[in-house]
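Inspection log for the structure reproduced underneath, given as structure tokens.
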Amino acid sequence: MYPEESLVSEASIKRDYDPNSIERRWQERWVESGLYKTDEDLAKPKHYALTMLPYPSGDLHVGHWYAMTPSDTRARFMRMQGYRVFFPIGFDAFGLPAENAAIDRGIHPYKWTMANIERMRGQLCQMGAMFDFDSEIVTCDPEYYRWNQWFFLKFFEMGLAYRKEAPVDWCPKDNTTLAREQVVGPERRCERCGTPVIKKNLAQWLFKITDYAEELLDFSKIEWPERVEALQTNWIGRSEGAEILFNVPGYGHVEVFTTRPDTLFGATFFVLAPEHPAVEKITTPEHLLEVSAYVERAGRMTEIDRMDATREKTGVITGAYAINPANGEEIPVYVADYVLLGYGTGAIMAVPAHDERDFEFAKKYGIQIRTVIAPPYWNGEELEEAYTGEGPMVNSNGFEGIPNVEGKAMMTSWLEERSVGRAAVTYRLRDWLISRQRYWGTPIPIVYCQQCGIVPVPEEELPVLLPEDAEFMPTGESPLKLDERFRNTMCPRCDGPAERETDTMDTFVDSSWYQYRYLSPHYDDGPFDPERGEHWLPVDRYTGGIEHATMHLLYTRFFTKVMRDLALVWFDEPMTRLFNQGIILGEDAEKMSKSRGNVVNPQEFVDRYGSDVLRCYLMFIGPWYHGGPWNAHGIEGVVRFLRRAHSLVAGGEPSAAEADPEELGRRTARLVKKVTEDLDAFRFNTALATLMEHTNYLLGIKGEVRKEVWQNALRTFVLVLAPFAPHHAEEMWALIELPYSVHEQAWPVWDEGLIAPKEITLVIQVNGKLRDRIEAPANVSEDVARELALASTKVQPYIEGREIRESVYVPGRLLNFVVG
RNA sequence: GCCGGAGUGGCGGAAUUGGUAGACGCGCCGGACUCAAAAUCCGGUUCCCUUCGGGGAGUGUGGGUUCGAGUCCCACCUCCGGCACCA
């Protein structure tokens, strides 16, 4: 995608030096010398840096480069700062594209995946990252997924894995069910392929993440972006309130959840979700026809229509009555589809005066609207709309005049005393549905026996292997279901005939604990070697995209908490600090996509300019968290920068010692300070700007300082360049005849005392407006500064004939006269 | 509606956290080198006015605090992301 009339021609790139041959040469040397084997020197502080593992789609795209190379730069920086750094990589190798390739082209998913991994591994090496490939994991390897199954069994023992038949989200294109998290947007589309999902009634396996809902809301032990915390908090959706029992004479008690127990006296009707089990039992014969018709219609309606809040509320009366426990009133029971079975208890007490939805419903069906919380300046008149604000309770016998905020707790304890209610918390979060009707995933280690029922596969029989000779139907039907040899088995408990579970696990299970497996990818006695865990856990820095906020990042927190409860780990959170990078867009500032034709192929740029250029360009483009549009011309600025940097070390004996060595020392110290602080805070763009500035300065004084001084300046410069452009830095390091490898050197330190300049530009303002700039000694006193300023012919016109009321002096910066 | 984030030159973006707005880079303009071009190097580049000394305006809009506001406060506008008949 580089422009036809590129300003930097190929010939000119290769004239001075050839990035490709330099890079290839050093990559080979790095491998030979084992430079990136993980440092296990326990005397050093540990740093576990992790970047989200890629899906092996075939080729690295520019998004991978954008995610990985700054992460690598940061890891290199930590290494030079004296940390032992663990920076692993692997492949999230299960998933649908492999299976689709099998269906479309007849290639077995394993073959397809492994070929892709092979290719991507080569590209990762070309990137010049310090990944330690010895710790690589491939999640479709039985050695890996065996432990998915092991976790499943543990979850099952703990009651955290259970099977339930319920209406679930089904993607008709991918032919599988999805977790609630994988259904996105108001149109309820499949997160993977964008197809609108439908509901299907199926028996599926779920992980009980809701048991950890409260703990997942606690972010006090991690430093994660507020944005992610907000997204997860939103997703978990905690509501505090009360559960209240309403008696329906002739049936029994029906429980409701409400966040507004303070409005109980205003409950003038009662609503059940159409799917609520009580509906058919309480409906009186004369309403039966109407109710069943309504329930059927609601069932046929699509989820999207059903959830459309702008639709006019509908409902039918059941003929039954519920008794309001607060005042003993009989209130009519309706069935209405604006009440959802999946939230709370699937039944509500309706308080039209103080809830917009109930208000709309009551207006339509002529139900009484009784104000029980007085709005400001309320005189008993009828409300024109629901009042949801605060106020004193009214029409509430025994609670009159109590501020409703206090009334909530009082009403709850009043109900508790009478055993008709209690304080309760409800979450929007649903349990994690992990069953997938696909082949290319981890088989769920469960057997169904006619005698014994649901039987877990014994631990020692793991892994339950995927059959290799599966047949892939063009319809996308689960190949495991059709595979008799896989399906038919013996019950581990009674040896009788039994059937295997044919669903596989959501691939998000794989990535929920992969950070632990990296530590000992071939360990046989558990998911990871506990001794290695002690040396490296938890992850110190995790980097990746924000799109996983309510999926992967929530699941992995959940897994770690369960692992803690299994005493596998001693901490509560998987990754202490998280950084989300942005998204790299096409040149048209739109999301890259094949259909738009704006996809940037990183390989083209690597071939043309080398990977250091691509690395640096991606870091220079803007703040990492921000992302932004690709610019094929912009990258040429980085080509020039690296070439100029390289030319610093090429030849040229000093001709005259004219440059100020003190200035050089000062600027070098400033460079080190700035790059150090910027890298610490992930500000790669401004660090590179400083490196560019410094390069230009050095080129300006090249040949004008003594050899030792120059050599020393270059040494420091190459050291701080090294994390950004590892190949170029290594080459320059060799050219200035320093011993291999630059990446094993200590990060330079700076002398703060050298940084302050002796001369400063003092800004003179009059009434806050800039009037002059005066060169002055850095430590100039206020009195001297005043004299200098008053002597300025540029300042004089603005103070002549006026009274100087005050002057503000900021040492080393500015002097401001306030004149009247 | 609720929650979160962002608005700065032609463009990507800087600004030591209240102290010279526009660093660095792209693009553009001018110059050097060249037969010429590319590359490279040097200089310029927020806008308006200018008698070429300089002057005025300026960080989404309108107010405010302050000697001084891109930065802090209040109100609003626009855009992006998430959630949403969640009781």
Side-chain angles (χ1 to χ4, degrees), chain A residues 5-9 11-13 15-16 184-186 225-235 237-239 241 256-260 263 271 306-311 313 336-340 342-351 354-358 360-361 426-428 546-547 549-550 589 617 620-623 625-626 628-638 640-641 643-644 647 673-674 677 683 685-696 699 761-770 772-773 793-794 805-810 812-819:
Chain A
E5 329 106 64
S6 165
L7 292 173
V8 185
S9 78
S12 85
I13 298 164
R15 193 185 55 208
D16 305 314
V184 295
E226 264 182 66
R227 194 160 157 225
V228 177
E229 296 186 8
L231 286 171
Q232 293 199 350
T233 303
N234 234 331
W235 185 258
R238 184 183 197 273
S239 301
V256 302
F257 173 76
T258 179
T259 54
R260 297 295 305 274
T263 62
V271 188
R306 176 84 189 263
M307 303 280 262
D308 180 10
T310 58
R311 217 178 84 235
K313 305 256 171 304
D337 61 10
Y338 78 94
V339 173
L340 310 169
Y343 187 80
T345 61
I348 62 160
M349 63 178 216
V351 184
H354 306 292
D355 181 283
E356 283 156 25
R357 295 152 299 173
D358 299 345
E360 188 193 328
F361 193 87
T426 295
Y427 304 91
R428 210 188 68 93
I546 188 118
E547 67 274 14
T550 57
Y617 174 63
F620 182 66
I621 207 165
Y625 60 82
H626 199 264
W630 176 265
N631 183 325
H633 275 297
I635 197 170
E636 287 165 5
V638 176
R640 292 187 187 116
F641 157 61
R643 181 171 34 213
R644 286 157 70 86
S647 72
K673 179 186 163 107
K674 178 78 173 136
E677 289 174 353
R683 289 187 300 249
N685 56 329
T686 49
L688 273 162
T690 309
L691 282 162
M692 289 175 180
E693 213 171 355
H694 195 75
T695 303
N696 294 341
L699 273 178
T761 306
L762 188 69
V763 170
I764 312 300
Q765 297 182 336
V766 178
N767 286 344
K769 274 188 191 293
L770 177 90
D772 198 7
R773 291 162 210 209
T793 52
K794 287 180 186 167
R805 285 202 216 133
E806 198 187 336
S807 64
V808 179
Y809 180 61
V810 182
R813 279 196 185 283
L814 65 75
L815 179 65
N816 183 18
F817 292 111
V818 186
V819 303

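The structure displayed is predicted, hence computed values, not measured ones. Throughout, a chain's letter reflects where its sequence line sits, starting with A, and its residues are numbered from 1.
At the phosphate of B:rA6, neither OP1 nor OP2 sits under 4.0 Å from any side-chain N or O atom of A:H626.
A:I546 has its side chain within reach of A:L231: a pair of non-hydrogen atoms, C-beta onward, lies under 4.5 Å apart. Residues A:P225 and A:Y625 fail the side-chain proximity criterion, which asks for heavy atoms closer than 4.5 Å. For the pair A:I635/A:F620, no side-chain contact is recorded, criterion being any heavy-atom separation below 4.5 Å from C-beta on.
Separation of the C1' atoms belonging to B:rA38 and B:rG44 is 22 Å when rounded to the nearest angstrom. Between B:rC73 and B:rG18, the two C1' atoms lie 13 Å apart (nearest whole Å). A distance of about 10 Å separates the P atoms of B:rU59 and B:rG9, rounded to the whole Å. Annotation: B:rU71 and B:rA15 have their C1' atoms spaced 10 Å apart (nearest Å).
Glycosidic conformation of B:rG63: anti, with the torsion beyond 90° of 0. Base orientation at B:rU17 is syn, since its O4'-C1' glycosidic dihedral falls within 90° of 0.
Rounded to an integer number of Å, the gap from CG of A:L688 to C1' of B:rA23 is 14 Å. What separates CD of A:E677 from P of B:rA23 is a distance of 21 Å, to the nearest Å. One interatomic measurement links the two molecules: CZ of A:F361 to P of B:rA87, which rounds to 19 Å at whole-angstrom precision. With rounding to whole Å, A:N767 atom CG is found 8 Å from B:rG68 atom P. Between the OH atom of A:Y809 and the C1' atom of B:rG68 there is a distance of 17 Å, given to the nearest Å. Rounded to a whole Å, the OH atom of A:Y625 is 13 Å from the C1' atom of B:rG12. Spacing between atom CZ of A:F257 and atom P of B:rA87 amounts to 7 Å, rounded to whole angstrom units.
Across every non-hydrogen atom of A:D337 and A:R311, the tightest pair is OD2-NH2, 2.5 Å. Residues A:M349 and A:D358 share a closest heavy-atom pair of O-OD2, 4.0 Å.
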Check: Please walk me through it: do A:N767 and A:V818 pass side chain to side chain contact (heavy atoms under 4.5 Å, CB included)?
Finding: CA-CA 5 Å; A:N767 286 344; A:V818 186; 3.9 Å; yes

Check: Going through the distances and angles, do A:E360 and A:Y338 end up as a side chain to side chain contact (heavy atoms under 4.5 Å, CB included)?
Finding: CA-CA 11 Å; A:E360 188 193 328; A:Y338 78 94; over 6 Å; no

Which protein N or O atoms sit under 3.5 Å from an N or O of nucleotides 55-60 of chain B?
{"unit_1": "B:rG55", "atom_1": "OP1", "unit_2": "A:Y798", "atom_2": "OH", "d": "2.9"}
{"unit_1": "B:rG56", "atom_1": "OP2", "unit_2": "A:R771", "atom_2": "NH1", "d": "3.2"}
{"unit_1": "B:rA57", "atom_1": "OP2", "unit_2": "A:K769", "atom_2": "NZ", "d": "3.2"}

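Shown here are the ring-ring contact (aromatic ring centres under 6.0 Å, His included) partners of A:Y343, two or more places apart in sequence or in another chain: there are none.
The main-chain N or O of A:G768 is found under 3.5 Å from a side-chain atom of A:N816 such that the two form a donor-acceptor pair. Judged by distance alone, with hydrogens and angles left aside, the side-chain atoms of A:Y617 form no donor-acceptor pair with the main-chain N or O of A:G637 at under 3.5 Å.
Mapped onto RNA chain B by nearest heavy atom, A:E226 and A:I635 fall at different nucleotides, with A:E226 at the one closer to the 5' end.
Within 4.0 Å (heavy atoms only), A:I621 reaches sugar-phosphate atoms of the nucleic acid but no base atom.
Checked against B:rG25, B:rG27, B:rG13, the side chain of A:E636 finds its nearest nucleotide in B:rG27.
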Check: Which dot-bracket notation, 5' to 3', represents the base pairing of RNA chain B when pairs are defined as Watson-Crick or G-U with both distances under 3.5 Å, crossing pairs as [ ], and inter-strand pairs as |?
Finding: (((((((..(((......[....)))((((((.......))))))((((....))))..(((((..]....))))))))))))....

Next item on the list: Could you run through nucleotides 79-86 of chain B and give me one letter per nucleotide, 5' to 3': B if any protein heavy atom sits under 4.0 Å from the base, S if only the sugar-phosphate is that close, - if neither?
Entry: ---BSSBB

Checklist line | Footprint string (nucleotides 41-49 of chain B, 5' to 3'): B base within contact, S backbone only, - free, heavy atoms under 4.0 Å | finding: S--------

Margin query: Return a single string for nucleotides 15-21 of chain B, one symbol per nucleotide in 5' to 3' order, where B is base contact, S is sugar-phosphate-only contact and - is none, cutoff 4.0 angstrom on heavy atoms.
Written below: -B--BB-

